[in-house]
Every structure is written in structure tokens, then in C-alpha cells.
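First the structure, in the form of C-alpha cells, and then the observations on it.
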Amino acid sequence: MSPMRYLALGVLLVLGASQIPASAYVLSSSYKWATPPVWRVNPANFSGLSPEMVEAAVRSGPTQWAQAGSTFTFTWGGRVTDTVTAVDGRNVVIFRNVLKPDNSSALASTYSWWKNGVRYDSDITFWMKPFFTGTSGCASGWYIEDVATHEIGHTLGIGHSPLAAATMYYSASRCEQVKRTLAADDIAAVRAQYP
Amino acid sequence: MVPRPAYAMVGLVLGILLATAGCSPDTPLPERVSAAPAAVPRQAPAQTLPEDDEIAALDETLAEADTAIVGIVEAITAERAKNEFGDDVIYSDVDVRLDQLLKGQAAGTARFRMEGGVVQEPDGPLGLEVSESEVPRVGDRGAFLLRAGRALGRGVLLLDGDQVRGRSRLRLQDITARAGRGARGGP
């Protein structure tokens, strides 16, 4: 291949890459928290994880978003014993020992309620999957830190990003540890939602 | 003959210059500001194209579905209820005028139930948003992947023309092709 062809190839590669959007977040809802939400967790789980480990892992989710340079903040409410979720103004994270009935591949689901124009209640259910915490020991499962950070993004009204590198990308690889920290796209999203 | 990376590198640099010159002010680039250490954007891993993931998810959902249809939403009714676990939910019952049958049996108007929606309460509307699914609106056209009369998670694919709405790269043709039977005319 001639030098000119290599030159043209390089130009085409860069121009092509420049068409991939650097920011592609999706705001799925205009309803926002009017006051900082209080997050609570029932750490009882079916993966044999200690309550302390689960609480720390879940808490890391909202913490990430609150440190992203937006106006979003939250309060940590500690542990509870809730086993069902309700539209009661209490934001809880629970673990359930079944697969999601209408989506067996779901790791977790977020249910967000709005009323009088504001976000009123959000609850997160982790479904029966092999979950782990921390940074090591994962065996063909998922780390709670990464899943929690993704789900908390939904409670902020952020939908799924098409960027595979984003925390809000809709799927998660087994044992990945990338979604627990926010990508530029995620930070842009929360700053747009909570300027 | 092996590639000549030196020439390609010159091209890359030239391309960067050209691409930068072509940026318009409204290009939605993320703001790069200093933030608390934990909020510093992580280095993105090598960008993977999502198309394969989307196709894999579509195949998985199609395999779980007993019915797959394309149609236009004619009516939605919603109610507050308890789900099988005792959680508070809103269920929306969605009536779809069938345009195409991709899988299973359906005719005329199909009805399915899904989590999420809006109900009228004495003190105003109350809404529920569920992370994996978007409740359509009357008049929306979409592909709906159903099992036992319920929309599967990731089974509501709303369409703008033949393009799946949002940031998806899926098109209706992808869905009909992956359904295995191709599109079949509705009644």
C-alpha cells in the first residue's frame, strides 16, 4: 500500500471516530428529588455476604453520584428490615431470592415514583444472582458496587446510555469493576439533571 | 508486506486536526472540570460497539417471548396494585392494534400488561417508572415482545419510523429478521 493510502486511512479512522458522540446520556425522566433522598438497605442476601459489606457496597452507589459535581446530595439512613417495597416515601434497597419474573436476566430493578411533579420514592430490588462486594473474589457474578451505582443513576432520572463505557450502559459484564466509578458521560448526565 | 504505521500515524495526526477544526460549538462534549477525586471520570476502556450487545439482548428477549407483535398503541388503562411479592406497583394494560405478527398467535387488537404508568389519585396524578421498561403512550408504534400476556423487560421497543427510539441502533428490520420468521401481515 502506498504512503498516500496509509495517510488517507489514518484520516478516515480519526474522522470516523470523531463521529462517535463523546456525550450520549439519556435523561429518562424530568422528575427530580425536591429534597435529598434518604437511602436505606436491608442487607439480608442470598450470596452469603455480611451486612457490613453489603451496606458499604450499596452506599457507594449514591456516594459516587453525590460527588459528581452536581447539586445532588443524599442522606444515608442505615439498615432496615423491609422485604417489600411500597410507595411510602422510604427509599429502600432489598435483595430477593428469585429472578425477576418478566426479565430473568435482570440483575436489579429500580422502581421510582413521582407525585405532584417531583420524585417521591425510589426502591431498588436486587434479584437472585451471584453477587460479590469489594474488589476481589468475584466468581462469575457481579459486584454490588457496580450494580448499585447504575441503579441509583435511574433514581436520578437517567436512562440507559448507548456508550458501553458508561455506568449507565444497560448491560454489565461479569465481575466488572468499571461501573462503580462514573464515566464522563454519566457525570454530564447528573450535572444536566441536577445543575 | 506489513503495514507502515509511520504513514498511518501522520494520517492520524492530520485527521485529528481536521476533526478538531470541524467541531461545532454545539457539539455535546462533556464539561471537563476538576471535581472531587471520586468523581474524576474513569478512563474509558477500549470502546466497544453496542450493536452486538443489543442484538444479543434482543435474541434473548425474543427467545423468552411467546408472542411478538408490531403495532400502534390504541389505549392504556392503569391501576395501582400489589405484585406477586406484595410490592406496591402500577400496572398498565396496553391495547395494541396489530400491524405485524412476528411470533406466536395474535389478531386484531392485542392487550398486554406491564409495570409502570400513571394513575389519578384524589390529590393528583401518581406515576411509577421502572428501570428496564418505558410505558408507551397512545399513538406510539412499537415492537412488543410478550409472554403470558405481559411485556417482557426490554420487550417494549418503541419506534420512530423504523428506528428503535432513544439511542438504540436497532431498526425494525433487525427485530423482524431476528424473530426468525420475518414480518407477517396482520389482519
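The basis for the numbers below is simple: all heavy atoms, side chains too, and nothing from hydrogens, waters or symmetry mates. Numbers restart at 1 for each chain; the letters A, B, ... are given by sequence-line order, proteins then strands. What you see is a predicted model, and the numbers here were worked out from it, not measured in a lab.
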Q: Looking only at non-hydrogen atoms, find the nearest pair between R154(B) and Y170(A) and report the distance.
A: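 The pair with the smallest heavy-atom distance is NH1-CE1, 4.3 Å.
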Q: Looking only at non-hydrogen atoms, find the nearest pair between T85(A) and D87(B) and report the distance.
A: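 For T85(A) and D87(B), the tightest heavy-atom pair comes out as N-OD1, 2.8 Å.
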Q. Nearest 0.5 Å, what's the CZ-OG1 distance between F85(B) and T83(A)?
A.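 Separation between the atoms: 11.5 Å.
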With a 4.5 angstrom heavy-atom cut-off, is it the side chain or the backbone of [X] that approaches chain A, or both, or neither?
X	value
E64(B)	side chain
E134(B)	neither
A148(B)	neither

Q) So which bits of residues 110-124 of chain B come within less than 4.5 Å of chain A, counting non-hydrogen atoms only? A)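 Answer by number: E115(B), V118(B), D123(B).
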Is it true that [X] and [Y] fall in one hydrophobic cluster, defined by side-chain heavy atoms closer than 4.5 Å?
X	Y	result
V94(B)	V89(B)	no
M168(A)	Y25(A)	yes
L152(B)	V130(B)	no
L102(B)	I72(B)	no
Y194(A)	F74(A)	yes

Which residues, numbered in order, of [range] come under 4.5 angstrom of chain B by heavy-atom distance?
range	value
residues 29-62 of chain A	S29(A), Y31(A)
residues 91-116 of chain A	R96(A), V98(A), K100(A), P101(A), D102(A), N103(A), S104(A), S105(A), A106(A), A108(A), S109(A), T110(A), Y111(A), S112(A), W113(A), W114(A), K115(A), N116(A)
residues 119-149 of chain A	R119(A), W127(A)

Q. Hey, are the side chains of V84(A) and K82(B) touching, using non-hydrogen atoms and a 4.5 Å cut-off?
A.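 Heavy-atom side-chain distance check fails, nothing below 4.5 Å.
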Q. So which of S131(B), A151(B), G155(B) has the largest heavy-atom pair count under 4.5 angstrom toward chain A?
A.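 Sorted descending by pairs with chain A, the first entry is S131(B).
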Q) Of all of G153(B), A57(B), G127(B), which one pairs up most often with chain A through heavy atoms under 4.5 Å apart? A)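 Max contact count across the listed options: G127(B).
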